[in-house]
Peer 1: 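Below you will find the structure I want to go over with you.
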Amino acid sequence: KHDLEAILPALDNVSFSEYAEQLFTEKQLRKSTVIRDSLLDRNYAYQILQGTKTPGRDKVIQLAVAMTLSVEECNRLLILSRNSPLYAKDQHDAIILFALSKHYTVMEINDMLDEYELPVLG
């Protein structure tokens with residue numbers, strides 16, 4: 001779908017954890033609240049944010065949703081974590097894109113995905 005290596009140089013050599021930290025600061029978010037809202041295991045989520053664990057695509061999306069990120073911010077986090085960005089022509093991703101724009105919770109997104117018999121996040 002996308003050539004990640006072509007996109008990455010444009011991201012100012014910032015790491016996933018550095019960008020996440022920047023977003024927490026800019027949006028005045030509390031890590032504990034974001035982690036709770038992401039429905040991720042607490043310890044695992046902290047390891048992802050510190051950069052000691054490499055997250056899968058769903059985990060990054062769960063964090064992005066809990067941080068109420070824009071589509072662009074979510075895609076940047078996905079790319080920085082070496083995952084593919086959300087792709088509108090994919091039904092699963094299209095639902096997530098819609099839900100991000102409406103600030104749905106992870107639980108609400110999973111309910112929607114489940115309704116369409118698509119794999120849920122997490």
Side-chain angles (χ1 to χ4, degrees):
K1 288 175 187 172
H2 295 279
D3 180 13
L4 289 184
E5 297 309 313
I7 301 168
L8 285 168
L11 294 175
D12 306 325
N13 293 329
V14 65
S15 72
F16 171 87
S17 52
E18 288 166 340
Y19 183 57
E21 196 59 51
Q22 185 183 322
L23 291 168
F24 274 101
T25 304
E26 278 175 22
K27 296 175 181 293
Q28 299 180 317
L29 299 167
R30 295 188 62 213
K31 284 184 184 156
S32 56
T33 307
V34 167
I35 289 168
R36 182 196 66 217
D37 293 350
S38 74
L39 306 181
L40 292 172
D41 172 76
R42 199 174 138 267
N43 291 333
Y44 184 63
Y46 275 111
Q47 290 171 330
I48 291 170
L49 293 171
Q50 289 162 354
T52 57
K53 287 270 191 251
T54 304
R57 194 168 187 261
D58 281 1
K59 308 288 185 228
V60 176
I61 293 169
Q62 285 174 256
L63 284 169
V65 167
M67 294 168 81
T68 62
L69 299 184
S70 68
V71 169
E72 293 76 20
E73 290 164 334
C74 177
N75 277 335
R76 185 168 186 201
L77 265 187
L78 283 165
I79 291 164
L80 288 170
S81 65
R82 300 279 195 257
N83 286 292
S84 59
L86 292 166
Y87 184 63
K89 290 185 179 170
D90 176 274
Q91 189 182 15
H92 183 266
D93 285 7
I95 289 169
I96 294 167
L97 286 163
F98 170 80
L100 270 174
S101 70
K102 300 287 185 197
H103 302 298
Y104 282 27
T105 65
V106 172
M107 197 83 81
E108 290 168 330
I109 292 172
N110 280 342
D111 287 345
M112 274 181 77
L113 290 169
D114 194 49
E115 272 179 50
Y116 287 91
E117 298 178 7
L118 295 165
V120 296
L121 298 171

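We count residues from 1, following the sequence as given.
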Peer 1: Side-chain contact test, heavy atoms from C-beta onward, threshold under 4.5 Å: evaluate it for I95 versus E115 and give yes or no.
Peer 2: no
Peer 1: How long is the straight-line distance from OG of S32 back to CZ of R36, given to the nearest 0.5 Å?
Peer 2: 7.5 Å
Peer 1: Once rounded to the nearest 0.5 Å, what's the spacing between atom NE2 of H103 and atom OG of S70?
Peer 2: 9.0 Å
Peer 1: Below 4.5 Å, heavy atoms only, C-beta onward: do Y104 and V65 meet side chain to side chain?
Peer 2: no
Peer 1: Measure the OG1-CZ distance between T54 and R82 for me, rounded to the nearest 0.5 Å.
Peer 2: 9.5 Å
Peer 1: A cation-pi test, strictly: NZ or CZ of K31 under 6.0 Å from the centre of the six-membered ring of F24 and no more than 45 degrees from its axis. Yes or no?
Peer 2: yes
Peer 1: Roughly how far apart are I35 CD1 and R30 CZ, rounded to 0.5 Å?
Peer 2: 11.0 Å
Peer 1: Within the distance-only criterion (no hydrogens, no angle test), does the side chain of T52 pair as donor or acceptor with the backbone N or O of Q47 below 3.5 angstrom?
Peer 2: yes
Peer 1: So, taking the atom named OG in S84 and the one named CG in D90, what distance separates them when rounded to the nearest 0.5 Å?
Peer 2: 8.5 Å
Peer 1: If every non-hydrogen atom of A66 is compared with every non-hydrogen atom of S38, which pair is closest and at what distance?
Peer 2: CB-N, 3.5 Å
Peer 1: Between D37 and T105 (side chain of the first, backbone of the second, donor and acceptor by atom type, cut-off under 3.5 Å), is there such a pair?
Peer 2: no
Peer 1: Please report the closest heavy-atom contact between V120 and D58, naming both atoms and the distance.
Peer 2: O-OD2, 3.7 Å
Peer 1: Taking all non-hydrogen atoms of both residues, which atom of V14 and which atom of Y19 are closest, and how far apart?
Peer 2: CG2-N, 3.8 Å
Peer 1: Donor-acceptor pair, distance only, cut-off 3.5 Å: does the side chain of N83 make one with the backbone of I61?
Peer 2: no
Peer 1: Does the side chain of L29 reach to within under 4.5 Å of the side chain of L23, using non-hydrogen atoms?
Peer 2: no
Peer 1: Do the non-hydrogen side-chain atoms of D93 and R57 ever get within less than 4.5 Å of each other?
Peer 2: yes
Peer 1: If we only count heavy atoms from C-beta on, is the L113 to N110 side-chain gap below 4.5 Å?
Peer 2: yes
Peer 1: Treating H92 as the side-chain partner and L118 as the backbone partner, does any N or O pair qualify as donor plus acceptor under 3.5 Å?
Peer 2: no
Peer 1: Which heavy atom of L63 sits nearest to which heavy atom of I48, and what is that distance?
Peer 2: CD1-CG2, 3.8 Å
Peer 1: Going through the checks in order, is the side chain to side chain contact (heavy atoms under 4.5 Å, CB included) test met by L39 and L121?
Peer 2: CA-CA 9 Å; L39 306 181; L121 298 171; over 6 Å; no
Peer 1: Let me confirm one number: the CD-NZ distance from E108 to K102, rounded to the nearest 0.5 Å.
Peer 2: 12.5 Å
Peer 1: Here's a test for you: under side chain to side chain contact (heavy atoms under 4.5 Å, CB included), which of L78, L80, I79 qualifies with R76?
Peer 2: L80
Peer 1: To check you understand the geometry: which heavy-atom pair defines the closest contact between P55 and F16, and what is its length?
Peer 2: CG-CZ, 4.3 Å
Peer 1: For the residue pair S81 and V60, what are the closest heavy atoms and their distance?
Peer 2: OG-CG2, 3.4 Å
